[in-house]
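Letters A, B, ... mirror the listed sequences (proteins, then strands); counts begin at 1.
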Amino acid sequence: MPRKPTRHRRLMNYRPLTFSPFARQAARVASVCTINRQTNIAEPNKSPPKSAGDKLVKNSLKDKNEQSESSDEEEFDGNVQVDFAFFDPKADDFHGVKTLLQTYLDDREWDLSGFVDLILEQTTVGSVVKVEDDEDNGVFALVTALNLGRYMDHKCIIEVKEFLLKVSQEKDVIDDLRSLLGKEAQSVGLLVSQRVTNLPPQLLPPLYDGLFKEVSWATEDEPTEELKNSFHFKVYIIVSKVYKHKNADQKGKQNSDETIIYVKPEDEIFHKLSSWSFEFSLHTPQIVAHELRNYQQMGLVMAVKADKISTFQQQLQSLVEEES
Amino acid sequence: MATRLQFENSCEVGVFSKLTNAYCLVSIGGSESFYSTFEAELADVIPVVKTSIGGTRIIGRLCAGNKNGLLLPHTTTDQELQHLRNSLPDQVVVQRVEERLSALGNCIACNDHVALTHPELDRETEEMIADVLGVEVFRQTIAGNILVGSYCTFSNKGGLVHPHTSVEDLDELSTLLQVPLVAGTVNRGSEVIAAGMTVNDWTAFCGSDTTATEVSVIESVFKLREAQPSAIVDEMRKSLIDSYV
């Protein structure tokens, strides 16, 4: 089986001039250290996309690191310049996407690998956010919309449906949910959006704009009628996590703490625009920061009608502009 | 035979377990099916012990051991140490090590005869490895990586190393370790071999993402297809070395 050096291209190009395997190894160890440091420092915008299949929406941002406690000795002055780029999902992204989706269904053991494969196969709708020319091929964010009817025979989708029905047991919206997952599944899209927590919010409007544009392009560009129709979503279902105040149900609470803290800012907008939503408790052990000691992490399921999406996009844009 | 399994949706089986020829450690907190898969394969032969190390579940990366002994990091609590001493067979020496590099599983790769260690391990730790585990110790790197315990795993029959290991390094390591080695991956292309699987002389456990090709490579290099648990194998090896000398 020939071994192809896929990822460490830059490392392979560096051939230290030595004669013995030991010296080569020592030189390589030294070069790994210097190359890792260089990728942290910005590279100017390079133009051509990597392969023909990629659509490249460039977003170069200066990600200002707010820690001003760095000592004078350190080479970094606290600012890290990073070029994020959006790519179509590719099979290579498997591990990165899987890591992001580890806790998607709380602690339930399910066909996560199959779910990730499904996302990566759907190249027409969906984007991953990566860093330009990153050696490690790290995936920073993922967004996609999966038609529940189109994939209803896949084991992972069946498990997602079972999970949603199970956590909605005592809620009044269970009948709505059941019909969305059953009869109406053909027009329901599961909106999957996961990312690293500290991703700059300026990326969100283009990320979501890109997704919804792709959905509308797909209704025209897909090869078959059936596929075109599968992207005519009427409702989006979103599964996410929020922090809810532990005393939220008590009446007349004195403090000015917010009832719900949204980890992802767009969740707040979706929640307001949703037709219905419910929270469910999580089983995974949680490490809670001191500031969040009065809060408990809960799962949140929302159903958002597709015609509310343009409102969502406008509100997201203004939210991000406020915050920056 | 290689068994595929998962720990709570994670395929990094070698992080949550430690398998040797004399015992098997399994992390607490995973679903019962993780523990029972090990039990099903190993229960009649070696003890399967549930434990944590330093209150964490990543026991496979924190400890290093073989049939002679088990080395634990300084973060191990007294209760955990006692629990392990009580649960493991008497001939296994359980020792806590004061070492700055506390993820011993990432720094040490060993079988019953040889150990490869991180180049910056303390002298005293190296001596302790040689004493407690009864092995010959070599400081090495694997494909330029200093965390030898993460990027390779080997038993007394064979070994699997980082996919980018050059052919010369492979030969050199194979001579040191006296077992056949193969450069390969586990868990659908993951290079962190020892995190993705755990192996002893007659069985292996790998993550459920491991492809059929990877499994067949594992079964062939570790000679798992005709293997059976037995002390006879050890006896044979000693006599072979004697006759070579």
Side-chain angles (χ1 to χ4, degrees), chain A residues 1-9 11-12 14-16 18-33 35-36 91-117 120 135-137 156 159 163 283-285 287, chain B residues 4-12 28-34 37 55-57 118-120 139-148 161-173 175 182-192 195-196 207-211 213-214 216-217 220:
Chain A
M1 220 174 3
R3 293 199 304 279
K4 284 191 293 201
T6 45
R7 271 187 259 168
H8 298 207
R9 278 193 293 273
L11 208 56
M12 282 295 165
Y14 176 64
R15 289 222 175 284
T18 55
F19 298 100
S20 76
F22 167 77
R24 226 181 297 134
Q25 232 170 38
R28 230 182 277 153
V29 170
S31 71
V32 164
C33 298
I35 283 173
N36 276 344
D92 274 349
D93 301 324
F94 178 80
H95 290 288
V97 171
K98 186 170 179 187
T99 315
L100 285 177
L101 292 174
Q102 280 285 355
T103 48
Y104 191 61
L105 292 190
D106 195 19
D107 64 346
R108 182 185 163 133
E109 275 200 37
W110 63 301
D111 186 16
L112 177 59
S113 303
F115 189 62
V116 176
D117 282 333
L120 297 178
E135 275 185 5
D136 294 326
N137 209 29
C156 49
E159 287 176 313
F163 176 80
H283 296 289
T284 40
I287 309 158
Chain B
R4 284 191 186 111
L5 73 168
Q6 288 191 91
F7 180 89
E8 277 185 14
N9 282 327
S10 167
C11 292
E12 308 294 342
I28 52 179
S31 64
E32 273 310 300
S33 67
F34 187 71
T37 315
T56 69
R57 307 188 300 179
H118 190 294
E120 289 159 30
R139 287 165 187 263
Q140 271 291 325
T141 62
I142 306 259
N145 287 303
I146 48 182
L147 294 177
V148 289
V161 300
H162 190 288
H164 294 144
T165 313
S166 66
V167 175
E168 301 94 30
D169 291 345
L170 218 48
D171 285 338
E172 199 180 314
L173 284 170
T175 326
V182 138
T185 62
V186 80
N187 279 338
R188 214 167 140 160
S190 169
E191 301 169 342
V192 194
S208 49
D209 279 343
T210 313
T211 64
T213 320
E214 290 168 338
S216 73
V217 168
S220 88

B:Ser10 and A:Gln102: side-chain donor and acceptor closer than 3.5 Å? no

If you compare all heavy atoms of B:Gln6 against all heavy atoms of A:Trp110, which two are closest, and at what distance to 0.1 Å?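 Shortest heavy-atom contact: NE2-O, 4.4 Å.
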
For residues B:Gly189 and A:His95, report the shortest heavy-atom separation together with the two atoms involved.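 Where B:Gly189 meets A:His95 most closely, the heavy atoms are C-NE2, 4.2 Å.
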
Less than 4.5 Å to any heavy atom of chain A: does that hold for the side chain of B:Thr185, its backbone, both, or neither?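 Interface part for B:Thr185: neither.
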
Using non-hydrogen atoms only, which part of B:Glu8 is less than 4.5 Å away from chain A: side chain, backbone, both, or neither?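 Contact with chain A: backbone only.
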
Heavy-atom side-chain contact between B:Asn9 and A:Arg108 under 4.5 Å: no

Could you give the distance from NZ (A:Lys98) to CG (B:Asn187), rounded to the nearest 0.5 Å?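 Nearest 0.5 Å value for the NZ-CG distance: 7.0 Å.
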
Using non-hydrogen atoms only, which part of A:Asp117 is less than 4.5 Å away from chain B: side chain, backbone, both, or neither? side chain

